[in-house]
Amino acid sequence: MSETTPKLRAELEGVPSYKPGRPATGTGPVAYKLSSNENPYPPLPGVMESVVAAAASFNRYPDMACTGLTEELAERFGVPASHVATGTGSVGVAQQLLQATSGPGDEVIYAWRSFEAYPIITRISGATPVQVPLTPGDVHDLDAMAAAITDRTRLIFVCNPNNPTGTVVRRAELERFLDRVPSDVLVVLDEAYREFIRDTDVPDGVELYRDRPNVCVLRTFSKAYGLAGLRVGFAIAHEPVAAALRKTAVPFGVSQLAQDAAVASLRAEDELLGRVGSLVCERIRVVAALREQGWTVPDTEANFVWLRLGERTMDFAAVCEQAGVVIRPFAGEGVRVTIGETEANDLFVKTAEDFRRSL
Ligand SMILES: Cc1ncc(COP(=O)(O)O)c(C=O)c1O
């Protein structure tokens with residue numbers, strides 16, 4: 001057998017691997033998964049029915065253009081259908097945006113720490129990541145991000161609310177930032193957690209994109225709509241960005257099950273957003289309890305909380321896991337804990353209290 005291996009692109013060597021939230025595999029009496037920012041509610045019966053019905057024809061390819069879903073989204077957001085592009089989760093769409101804009105020699109700016117897929121998909125594209133540290137309050141430093149723009153910048157991610165800190169950028173500062181970005185640089189407003197925002201000063205990216213051809217909004221059905229396992233997300237952007245997304249899409253990437261479930265979810269939006277409201281109440285309760293215990297918790301507008309534990313991060317994660325709650329640690333930095341079902345949140349709050357007392 002030959003010793004030589006197929007030639008792979010050199011850029012792949014620097015690609016960090018994506019660490020998914022660990023599953024709930026505790027050995028104790030209970031095990032809750034609060035590690036992936038998932039929606040704890042099971043699928044709605046009507047959504048389930050649409051998936052079961054679609055399953056009857058999975059011998060056929062799905063509608064490649066996601067026609068029904070695209071039209072439904074265009075109507076829901078009041079945008080032309082040609083401005084909507086769907087993909088395999090919003091991370092899939094983000095990767096398509098990089099394919100469409102960036103390659104070797106180009107630069108991609110994003111805050112750090114932020115969504116861990118950004119460095120991965122940037123490096124896969126061959127472009128150079130430019131990571132701009134969050135402020136000491138764990139918020140995007142938009143002035144520093146604007147200052148980091150060079151002639152080579154092709155794309156900038158603004159994750160609002162930011163994963164994993166839950167912090168937001170507000171209207172005035174975001175508009176000021178967008179005004180500073182050259183019009184040939186694409187700004188991607190990643191709003192995966194948009195529906196969980198209650199701060200009315202946080203702008204809706206869909207309003208900002210309307211008169212800004214270099215702004216693209218990313219949304220997903222994975223979080224508020226509870227379809228994480230079906231993989232469907234979308235972008236709203238002007239031509240030619242939306243057209244470029246259609247070119248870079250994996251053919252037939254979004255299954256018919258996912259398309260039909262997404263349409264059924266949009267039609268059941270009131271009920272689903274009611275669930276989001278309950279999760280927001282839980283978030284407020286958990287944050288208040290943690291602060292009462294003495295923890296410093298940044299204000300969060302997402303379905304998770306961030307605790308900057310530094311050196312104690314991995315110890316805390318291990319203690320939580322032993323107690324039956326799997327959370328998401330970032331070694332040496334902190335932990336991100338998803339707001340889940342009430343019992344899971346209670347168990348987490350109790351574990352956090354015991355841990356604090358033991359310090
Ligand atoms: C900020 C952010 N963007 C995008 C995604 C991707 O979500 P999906 O690909 O499931 O739509 C996530 C998922 O955790 C996220 O946190």
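Every number for a ligand or one of its atoms is a count from 1 in the order of the listing.
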Practice item. Could you label the plane-to-plane angle of the Tyr209 and His83 rings as parallel, tilted or perpendicular, counting under 30° as parallel and over 60° as perpendicular? Key: perpendicular
Exercise for review: Would you please classify the geometry between the Tyr193 ring and the Phe196 ring as parallel, tilted or perpendicular, with 30° and 60° separating the classes?
Suggested key: tilted
Review point. Mind checking what residues have non-hydrogen atoms under 4.0 angstrom from ligand 1?
Key: Gly89, Ser90, Val91, Phe115, Cys159, Asn163, Asp190, Ala192, Tyr193, Thr220, Ser222, Lys223, Arg231
Practice item. Answer with yes or no whether the hydrophobic clustering places Leu186 together with Val91; edges join I, L, V, M, F, W, Y residues whose side-chain heavy atoms lie under 4.5 Å apart. Key: yes
Practice item. Please answer: with hydrophobic residues joined when any side-chain heavy atoms are less than 4.5 Å apart, are Phe304 and Val139 in the same cluster? Key: no
Check your understanding: With ILVMFWY side chains joined below 4.5 Å, transitively, what does Phe252's cluster contain besides itself?
Key -> Tyr61, Met64
Exercise for review: Answer yes if the ring centres of Phe348 and Trp295 are under 6.0 angstrom apart, and no otherwise.
Suggested key: no
